[in-house]
Every structure is written in C-alpha cells, then in structure tokens.
Enquirer: 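Just dropping this structure here.
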Amino acid sequence: MTQSFSQNLQHIFFSTKERNKWIDESWAEDLYGYIGGILGRIECQMLSAGGTSDHIHLLSIIDKKLTIPEVIRTIKSSSTTWIRKSIKSKKAFAWQIGYASFSIGKSQIPRVDKYIRNQRNHHRKIDYKDELRKFLKKYGLEYDEKYLWK
C-alpha cells in the first residue's frame, strides 16, 4: 500500500484550573469557534464543541501525524492566550493540567455530538467530577482520586 489511512475520532474534555467557573455563556461559542480554528490550522477537524462554565467537550478528528497530547497542548495553550487577550476579566484564566480523551467509532458521532451540545442541560443533574468518574468507569480506566483534581 502506498498510502497510510487513519481515522482518529476523539471525544476530548478538560476543565478550567480548579474547576473555576470562568467560561461565560456570552463568549463560549466564540471560544469553540477559536478552538475549531486551532484544530484546522494543525490539520485536525472539530465536529462539535460544548461545555459549561468550568469545562469543555470536543468531538474531533485528529490528524494521523499528531499525537493526542500534542493536539490538546496546542488547544490549551492557544485558547488560554486568546481568552486572556480577548476577555478582559479573565487575565488569570488557565486550564487544568490533565484531560480525558476517548476514541469513538464513526457510528457514535451523532450520539456523542448530541451529548456534547447538551452539556448545559446535562450538568443540571450531574457535576463535572461525577461525569469524569462515569467515563473512567465506562472505559475501564483505573485512577487515583487524589490526583484526579489537580
């Protein structure tokens, strides 16, 4: 085969530092658009984005030449700079150090997209910590609670 093929669909989410409620609904869509632009510049694609005041979810296609940590580091770094420059009241904005990223199949796109776009309603019933624990359990990932919230 002379070509390489890859389809890397990722459901990514991470929170603000210490889960501070820094993301305001009035500019969240601009943030998602900016992140979509970041992904486009590194030859990835954002399929959907959503979140609440303390975290975001992204459904993305990751380019085969990049690693997930590289992509997330680029998203966090560039979006932090944009937020600090664009939102005057957010000069101290920061993302948490870690992230969650789960691969999905193409058939799961509609369900994950709906889940991401419905974050504000979803989080009336469950907080971010319980949501993350639920995903870790669903995917069978072990974790140490004392390192989960740094």
Side-chain angles (χ1 to χ4, degrees), residues 7-40 42 44-63 66-150:
Q7 182 178 64
N8 189 357
L9 294 163
Q10 293 290 315
H11 177 191
I12 300 165
F13 54 100
F14 48 86
S15 82
T16 59
K17 186 175 183 182
E18 299 174 356
R19 282 142 325 279
N20 289 311
K21 297 187 181 305
W22 277 338
I23 303 169
D24 190 84
E25 231 175 310
S26 65
W27 53 270
E29 290 299 322
D30 293 334
L31 171 63
Y32 306 147
Y34 188 79
I35 291 171
I38 294 166
L39 288 166
I42 60 172
C44 296
Q45 183 181 357
M46 185 166 73
L47 301 178
S48 64
T52 66
S53 61
D54 69 350
H55 74 282
I56 65 169
H57 288 254
L58 306 169
L59 178 54
S60 303
I61 301 172
I62 306 300
D63 186 85
L66 300 171
T67 66
I68 294 166
E70 289 172 320
V71 171
I72 293 172
R73 186 173 36 255
T74 301
I75 291 168
K76 287 181 175 182
S77 174
S78 297
S79 63
T80 296
T81 300
W82 178 82
I83 291 167
R84 289 178 179 174
K85 286 181 179 178
S86 302
I87 314 298
K88 302 298 181 205
S89 62
K90 305 298 179 202
K91 298 287 185 209
F93 182 89
W95 295 111
Q96 74 177 87
I97 294 169
Y99 63 88
S101 183
F102 301 101
S103 59
I104 68 160
K106 190 171 184 174
S107 66
Q108 295 172 292
I109 290 173
R111 185 179 52 78
V112 174
D113 175 68
K114 182 179 179 182
Y115 179 82
I116 289 173
R117 293 181 188 276
N118 196 32
Q119 281 292 293
R120 296 215 179 263
N121 287 332
H122 174 71
H123 283 288
R124 291 186 179 127
K125 300 172 195 151
I126 185 173
D127 69 7
Y128 175 74
K129 288 182 174 184
D130 288 337
E131 177 184 47
L132 179 57
R133 286 183 195 108
K134 181 181 99 175
F135 272 92
L136 294 173
K137 183 177 180 179
K138 175 182 176 181
Y139 284 92
L141 297 171
E142 293 183 20
Y143 62 92
D144 186 333
E145 187 82 23
K146 70 181 175 186
Y147 299 111
L148 213 50
W149 313 118
K150 299 282 180 190

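No hydrogens, no waters, no symmetry mates; every other heavy atom, side chains included, goes into these values.
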Enquirer: When rounded to the nearest 0.5 angstrom, what distance separates CD1 in I35 from OG1 in T74?
Expert: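 Nearest 0.5 Å value for the CD1-OG1 distance: 12.0 Å.
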Enquirer: Give the C-alpha distance, both sets of side-chain angles, the deciding distance and a yes or no for side-chain hydrogen bond (donor to acceptor under 3.5 Å, both in side chains) between Q96 and H55.
Expert: CA-CA 9 Å; Q96 74 177 87; H55 74 282; over 6 Å; no
Enquirer: For F13 and I56: C-alpha separation, side-chain torsions, deciding distance, then whether side chain to side chain contact (heavy atoms under 4.5 Å, CB included) applies.
Expert: CA-CA 6 Å; F13 54 100; I56 65 169; over 6 Å; no
Enquirer: I would like to know whether Q7 and L9 meet side chain to side chain contact (heavy atoms under 4.5 Å, CB included); could you show each step before the answer?
Expert: CA-CA 6 Å; Q7 182 178 64; L9 294 163; 4.1 Å; yes
Enquirer: Should F14 and I97 count as side-chain neighbours, where that means a heavy-atom distance under 4.5 Å?
Expert: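 No. Closest side-chain heavy atoms not under 4.5 Å.
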Enquirer: Hey, mind stepping through W95 and S77 against side-chain hydrogen bond (donor to acceptor under 3.5 Å, both in side chains) and telling me if it holds?
Expert: CA-CA 9 Å; W95 295 111; S77 174; over 6 Å; no
Enquirer: Quick one: pull up CD1 in I87 and CG in D24 and give me the separation to the nearest 0.5 Å.
Expert: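 Taking CD1 in I87 and CG in D24, the distance rounds to 8.5 Å.
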Enquirer: Using a 3.5 Å distance criterion without hydrogens, assess whether the side chain of Y32 forms a donor-acceptor pair with backbone atoms of G51.
Expert: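 Pair found, side chain donor or acceptor close to backbone of G51.
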Enquirer: So for atom NZ, which belongs to K106, do other residues, nucleotides or ligands contribute more than 12 heavy atoms lying within a distance under 6.0 Å?
Expert: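 Atom NZ in K106 is not packed in, count stays at 12 or less.
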Enquirer: Measure from the side-chain N and O atoms of R84 to the backbone N and O of K90, and report whether any donor-acceptor pair falls under 3.5 Å.
Expert: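 Checked: no pair found.
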Enquirer: Quick one: does any side-chain atom of N20 pair with a main-chain N or O of W22 as donor and acceptor, under 3.5 Å?
Expert: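 Between the backbone of W22 and the side chain of N20 there is no qualifying donor-acceptor contact (under 3.5 Å).
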Enquirer: Got more than 12 heavy atoms from elsewhere within 6.0 Å of CD, E145?
Expert: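 Result for CD/E145: enclosed.
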Enquirer: Can we say R117 and D113 salt-bridge, meaning some charged N sits less than 4.0 Å from an Asp/Glu carboxylate O?
Expert: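 Result for this pair is yes, salt bridge flagged.
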Enquirer: Looking only at the side chains, is there a donor atom on one of H123 and Y128 sitting less than 3.5 Å from an acceptor on the other?
Expert: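 Per modelled atom types, H123 and Y128 side chains form no pair under 3.5 Å.
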Enquirer: Could you walk me through whether I75 and L58 pass the side chain to side chain contact (heavy atoms under 4.5 Å, CB included) check?
Expert: CA-CA 11 Å; I75 291 168; L58 306 169; 3.9 Å; yes
Enquirer: How many angstroms lie between CD1 in I62 and SG in C44, if you round to the nearest 0.5 Å?
Expert: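 Answer rounded to 0.5 Å: 4.5 Å.
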Enquirer: Could you go step by step and tell me if F102 and L141 meet the side chain to side chain contact (heavy atoms under 4.5 Å, CB included) rule?
Expert: CA-CA 11 Å; F102 301 101; L141 297 171; 3.6 Å; yes
Enquirer: Looking only at heavy atoms, which two atoms of Y34 and S78 are closest? And how far apart?
Expert: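 Nearest heavy atoms, Y34 then S78: CE2-O, 3.6 Å.
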Enquirer: State, with a plain yes or no, whether a side-chain heavy atom of I42 is found less than 4.5 Å away from one of V71.
Expert: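 A side-chain contact exists here, since the closest heavy-atom pair is under 4.5 Å.
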Enquirer: With rounding to the nearest 0.5 angstrom, report the CD1 to CG distance, I72 to L66.
Expert: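 With rounding to 0.5 Å, CD1 (I72) is 11.5 Å from CG (L66).
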Enquirer: Is the gap between the ring centers of H11 and F135 under 6.0 Å?
Expert: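 Yes, close enough.
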Enquirer: Other residues, nucleotides and ligands only: do more than 12 of their heavy atoms fall within 6.0 Å of NZ on K114?
Expert: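 At most 12 heavy atoms, drawn from other residues, nucleotides or ligands, come within 6.0 Å of this atom.
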Enquirer: May I ask you to decide if I116's main-chain N or O and Q119's side chain share a donor-acceptor pair within less than 3.5 Å?
Expert: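 No; judged by distance alone, with no hydrogens or angles, the pair does not exist.
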Enquirer: For T16 and S53, which heavy atoms make the closest approach, and how far apart are they?
Expert: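 Looking at all heavy atoms of both residues, the shortest contact is CG2-O, 4.2 Å.
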Enquirer: Might you confirm whether atom NZ of K17 has over 12 heavy atoms from other residues, nucleotides or ligands at distances under 6.0 Å?
Expert: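 At most 12 heavy atoms, drawn from other residues, nucleotides or ligands, come within 6.0 Å of this atom.
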Enquirer: Starting from the C-alpha separation in whole Å, work towards a yes-or-no answer on side-chain hydrogen bond (donor to acceptor under 3.5 Å, both in side chains) for S60 and Q10.
Expert: CA-CA 5 Å; S60 303; Q10 293 290 315; over 6 Å; no
Enquirer: Can you confirm whether F93 sits close enough to I23 that some side-chain heavy atom of one is under 4.5 Å from a side-chain heavy atom of the other?
Expert: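 Sidechains of I23 and F93: in contact.
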Enquirer: Could you grab the distance from atom CG of L47 to atom CG of L59, nearest 0.5 Å is fine?
Expert: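 Here the interatomic distance stands at 4.5 Å.
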Enquirer: Which value, rounded to the nearest 0.5 Å, describes the distance between N8 atom CG and I68 atom CD1?
Expert: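 That separation rounds to 5.0 Å.
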Enquirer: Provide the closest heavy-atom pair for A28 versus R120 in the form atom of the first, atom of the second, distance.
Expert: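 Residues A28 and R120, closest heavy atoms: CB-NH2, 4.1 Å.
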Enquirer: Which residue in the set E131, K129, K125 passes side chain to side chain contact (heavy atoms under 4.5 Å, CB included) when paired with D127?
Expert: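 When E131, K129, K125 are each tested with D127, the side chain to side chain contact (heavy atoms under 4.5 Å, CB included) holds only for K129.
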